[in-house]
Engineer: 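I have a structure here, written as C-alpha cells, and I will follow up with some questions on it.
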Amino acid sequence: MKTKSIIRKVLLSTAGLVIVVFAGIEFYQHRHYKETVVIGDWVEVKKLGDYFEGIQGSVNDCNVFIIEGDEPGATSLILGGSHPEEPAGRLAAWLMVENARIQTGKLIVVLSANRSGTTVTRPSGAYPTKYTIPTSWGGQTFRMGDRWSNPLDQWPDPEVYIHCPSGQNLAYVDIRNLNRTWPGRANGTLTEKTCYAYMQLIEKEKVDLVIDMHEAELQYPVINTIVAHENGQELATLVSMMLTDFEGFSIGTEFSPKNLHGLSHREIGDHSDAVSLLFEAPEPFLDATRGITGEKQLLEGKDEFVIKAGEHGLLFAPMDENGWPIDVRVGRHTSTILQTFESWNEYYPEKLIVCFDVPRYAEVIKNGIGFYLKNHEEADNKTIVFE
Amino acid sequence: MYQAAGIVLGVMVLIYIISLRFKLSTELAMLMAAIGGAVSAGHWFPARHIAEGAITYLDINLIFISATLFMNILKESGGIAFIIRSIIKTFHKSRVLLLILLMIILLIPGALTGAGSVTVLITGGLVAVVLNYMGIKKIRIAAIIFLIAGLSAAAPPVSLWAMMTAAGVNMPYVGFFLPLLIPCVLGALFTIFFLGWKGTKIDVDKAFKELPSPPEKMNWWRIIVPFLIFFGLIFIGRKWPHNTPIVGMPLMFLLAGLSSYLLSPKKLKLFKISADTIKQLLPLIGTLTAVGILVQIMTLTGVRGLLAIMFITLPTFLVIGSLFVFLPITESVLMYGSAAVFGVPLVLLFNTMGLNPIVALAGMSIIWPLGDALPPTAIIGRLTVDVVGPKEKYSQFLKTCLVPSIVIAIIGTLMVIFSKDLGFLTGI
C-alpha cells in the first residue's frame, strides 16, 4: 500500500514537473520575445526613463519614437499598448512609427505604453502568447499581452485600489491597469510611475494632443467611439463627422465622465495643457461570451457566440459573420488619428501637425497591415529597434 | 462553433463523472476533465494553459494559508480559549445581545478581506464554540457560520464579486457601500436569529469546566496586539494609501501570526503548526487550483462562451427568475471566476435593459456566495463543516442552510428587479 502511494506521488510529481518545465519555457519565451521595429533615419528613439528617472531600467522603460517635421507646429503623443490585450492599438502605432513622415509639428509614438503588460497573458483567459501578422516575407510576430501589468513586475495588490489624487475606490487589480492610474505618482507603484513618466513627457515635450488607442468588447457600451475630455469635445465631434462622411465607417463621440478617475481621457486633460482623446475599436476577442479562444479569433474577429449575443440586442456594436478583422480595427485607428490631425489643423491653424505616408482605413483593409510593416531581415541593423 | 464547444463540454462532463466513479478526488476529477476537454479540442499538451490556469487563484490561496496559520498560532497559544471564556463571562445573560455581537464578529473579517473563508478561519471556530454553549445544534451552527461568512464576503468595503464584475465592465467600484451593506446585514440578522434563537441558556460553570484553560500568563494584550497589527495595517493602507507601501493581505496575516507567536505565553512549535496548516488546507488549495485550470480550458475551447451565451440569451424573465439558482451553481464550479464569466455579461444585459447596474450587481453579489456550499467545489461549506464538526451528513448541513438561503436569494433577486427604484442607495 505504502509502495503504491509512493509510486503515485512520484508519478504525479513527475507529471507536475514536466508541466512546469514546458510551461516555464513558454512563459520565458513570451516575456523575453523581442519584437522588431524598423525605423527611418528621421526617427529619433528615446526612452521613457529620459523623462523620469524613477522608471529608468525598469520593464516599463519603453522606447519613445519621435518624428519631427522641418517646420515647427503642434506636438502629438500617440499611445499604443496601454492595454496590451488590445492589439489594434499597438499595431496602429507600429504603422505610424514605421511609415509616418512629418512635415509640420512633432509626432511622438509609444508602442508599448505598459510594456510590462505585454509580457503576460491573463490567468483563466486562455490568450495566445503571440500572434503573427502575415507579410510578404512570411509574417511578423508580436507579443500578446494583458490588460494589467505583469504581477512579476508589480505585486502584491492592495485589497482595494485607492486612486491618487481623487481617492476614488477601484477594484484591487486596477492598481496594475495603466488606464486607471493616470496621472500617476512619482513614488507610486510601477504602473503609477509609468503614468507619471508620461505626464513628465507631456510636460517636457509640450505635448498639445494625446491620443490613447484601445479596443473594447462589443458588450461594452463605450465602443466605436472617441472619448474626449471637455477640452477636446469639439475636435472629437468634427473628427467623428468627417470620418462618418468620408471614410466609410462610423465612429461616435463620448464625453469623459468627470467622476470616473484614473483614465487617460480624464486625467491628462485635467493635469496638463494637452487635449486628450481615447479611441475605442471593437474587439470580439474580449467579449465574455466569446467562443474558441485563440490567435485566429484574435486576428479575424469572428465569433458565432458574439453574433448570437448581437441577435439578442446585447451588443453595442454591429456584429455579423464578417466579424471585426484586425485590418479593419487597425485601419479605423490610423484613419481616426489622421483625421484628428486634419481637424486639429482646422481648429489650430497657427499650430499645425502635418503627417503623411500613413495608410488610411481603406488602404489598410485593401493591402493588409503586413503590407506596411518593414522586413527587419532586409533592414540595416542600425535601423532596427527592439521593443 | 456550437458543435465543437458542445462536444468538448460533453467530453469534460463525461470524464468528470468517470473520474469520480473511479474514486478520484473532486480536484483530480476537475483536472482530468480539463485535460480531457483540451485534448478533445486538439490541444494535445496544453502545459502553459494548465500552469496559467493553476495560478488564477494564487493570491486567494496565499490569503487562506497565511490567515489559517495566524489563527492556528493563536489557538495553540491559548488565545482562542481565552477569548471564548471572556465572551461567555461578559455576555451570557443576554441572548439577543450575544447573537448580534457574534454576527458582527462574523461579518467583519470577510467584509474587510472579501473572503468568506477568512471569516470561517479567523472567527468561525471561536463563534462556533460560543454558539455551542448557547445550546444550538452543531449543524445549525455550521449553517450560521457558512451563511454569514458568505454575506461577510459580499459586504462592503471589499466585495470581490462586485469588484471583479465592475472591473470587467470598466465600471468604477463606487456607490456599492449601502447596496451591499443593507442586504448583508438584513440577511445576517435573519440567519442568526432564525437558526440561533432556539437554544438553552449558557451554563457558565459547565462551559468553563469544559473549555481548555488558557496559560496563566495569557492576557488581552497578547491577543489584541496581533489583531491590532492586522487591522492597523489595513487601516493605514486605507487612510494613507499613497504614503504606505503595499504589503498585501498574506503578509499582513503573516505579520499578525508572527506577533502572536512572539507574544505567546508558552513555547510553540512553529514548524509543526505550519505543516499542520498546509495539511488542513490542502483540499481547499487543490480545489482552487483545479478550478482555475478548468476555467482556463473552458475558455480556450469555447465551453465558457457556450455556457454564457446560452444563459444570457434566455428570455429576460427566465434570466432574472433563475438567478437564485444559476449564480450559486456557477459559483460552485467557478468560484470568483463566475463573476468574470457570467457577472460581466449579466451586468451588461441589465444595463441594456435600463436597470441600475450597481444595485443589480450588489443584489447578485449576495446570491453568489450561497454557491460556496454546493458541490463540486463546496469550498467554504466544507471548510465550515471542518471547523465546526457536526456529526450529520453534508446534505443535512445543506438542508439546514435552505430557509435563510431562500430569504437571501429573494432579497438579492428583488434588488435586481427593483434596482432602478433602489438607485438612490448608490448616492450617485
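Chain naming here is simple, since letters A, B, ... match the order of the sequence lines and numbering starts at 1 in each. Predicted model only: the values in this text are computed from it and were never measured.
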Engineer: With a 4.5 angstrom heavy-atom cut-off, which part of Met252(B) approaches chain A: side chain, backbone, both or neither?
Structural biologist: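 Met252(B) touches chain A through side-chain heavy atoms alone.
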Engineer: Contact part of Ile25(A) toward chain B, heavy-atom cut-off under 4.5 Å: side chain, backbone, both or neither?
Structural biologist: neither
Engineer: Answer yes or no: is there a side-chain heavy-atom contact under 4.5 Å between Thr301(B) and Ile292(A)?
Structural biologist: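 Counting from C-beta outward, Thr301(B) and Ile292(A) never come under 4.5 Å.
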Engineer: Heavy-atom distances under 4.5 Å only: say whether Leu251(B) touches chain A with side chain, backbone, both or neither.
Structural biologist: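 When you check distances to chain A, no heavy atom of Leu251(B) falls under 4.5 Å.
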Engineer: Please classify the contact between Gln219(A) and chain B as side chain, backbone, both or neither, with a heavy-atom cut-off of under 4.5 Å.
Structural biologist: both
Engineer: Please give me the minimum heavy-atom distance between Pro123(A) and Thr56(B), naming the atom from each residue.
Structural biologist: CB-OG1, 3.6 Å
Engineer: With a 4.5 angstrom heavy-atom cut-off, could you sort out which part of Arg185(A) is near chain B: side chain, backbone, both or neither?
Structural biologist: side chain
Engineer: May I have all residue pairs that pass ring pair (Phe, Tyr, Trp, His ring centres under 6.0 Å) and include part of residues 150-174 of chain A, sequence neighbours excluded?
Structural biologist: His163(A)-His261(A)
Engineer: Would the distance check show the side chain of Thr293(A) and the main-chain N or O of Thr299(B) forming a donor-acceptor pair, the cut-off being under 3.5 Å?
Structural biologist: yes
Engineer: With side chains defined as the heavy atoms from C-beta onward, is the minimum distance between Arg304(B) and Arg290(A) less than 4.5 Å?
Structural biologist: yes
Engineer: Whether Glu159(A) and Arg238(B) form a salt bridge (side-chain N of Lys/Arg under 4.0 Å from carboxylate O of Asp/Glu) is what I want to check.
Structural biologist: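 Yes.
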Engineer: Identify the heavy atoms of Ile162(A) and His242(B) that sit nearest to each other, and give their distance.
Structural biologist: O-NE2, 2.8 Å
Engineer: Are Leu349(B) and His312(A) close enough that some pair of their side-chain heavy atoms sits under 4.5 Å apart?
Structural biologist: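 They are not in side-chain contact.
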Engineer: Which answer fits His49(B), side chain, backbone, both or neither, if we ask what part of it has an atom under 4.5 Å from a heavy atom of chain A?
Structural biologist: side chain
Engineer: Between Ala4(B) and chain A, which part of the residue has a heavy atom less than 4.5 Å away: side chain, backbone, both or neither?
Structural biologist: side chain
Engineer: Apply salt bridge (charged side-chain N to carboxylate O under 4.0 Å, His left out) to Glu27(B) and list each qualifying residue two or more places apart in sequence or on a separate chain.
Structural biologist: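 So Glu27(B) forms a salt bridge (charged side-chain N to carboxylate O under 4.0 Å, His left out) with Arg382(B).
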Engineer: Under the criterion side-chain contact (heavy atoms from CB on, under 4.5 Å), I'd like the reasoning laid out for Ile309(B) against Glu304(A): C-alpha separation, chi angles, the key distance, then a yes or no.
Structural biologist: CA-CA 10 Å; Ile309(B) 197 70; Glu304(A) 280 182 51; over 6 Å; no
Engineer: Is there side-chain contact between Lys308(A) and Tyr2(B), with heavy atoms separated by less than 4.5 Å?
Structural biologist: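 Yes, side chains in contact.
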Engineer: Using only non-hydrogen atoms and a strict under-4.5 angstrom cutoff, which residues of residues 34-48 of chain B touch chain A?
Structural biologist: Phe45(B), Ala47(B), Arg48(B)
Engineer: Non-hydrogen atoms of chain A under 4.5 Å away: do they reach the side chain of Val8(B), the backbone, both or neither?
Structural biologist: neither
Engineer: Can you find a pair of side-chain heavy atoms, one from Pro221(A) and one from Asn351(B), that are under 4.5 Å apart?
Structural biologist: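 Answer yes - side chains close enough.
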Engineer: Please identify, among Val222(A), Thr129(A), Asp287(A), the residue contributing the most non-hydrogen atom pairs under 4.5 Å to chain B.
Structural biologist: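 Most pairs with chain B among the choices: Thr129(A).
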Engineer: Name, in order of residue number, those residues of residues 310-319 of chain B that have a heavy atom at a distance of less than 4.5 Å from a heavy atom in chain A; otherwise write 'none'.
Structural biologist: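 If one takes a 4.5 Å heavy-atom cut-off, the residues of residues 310-319 of chain B near chain A are Ile312(B), Thr313(B).
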Engineer: Which bit of Asn169(A) is near chain B, if near means a heavy-atom gap under 4.5 Å: side chain, backbone, both or neither?
Structural biologist: both
Engineer: Counting only non-hydrogen atoms closer than 4.5 Å, does Asp303(A) touch chain B with its backbone (N, CA, C, O), its side chain (CB onward), both, or neither?
Structural biologist: both
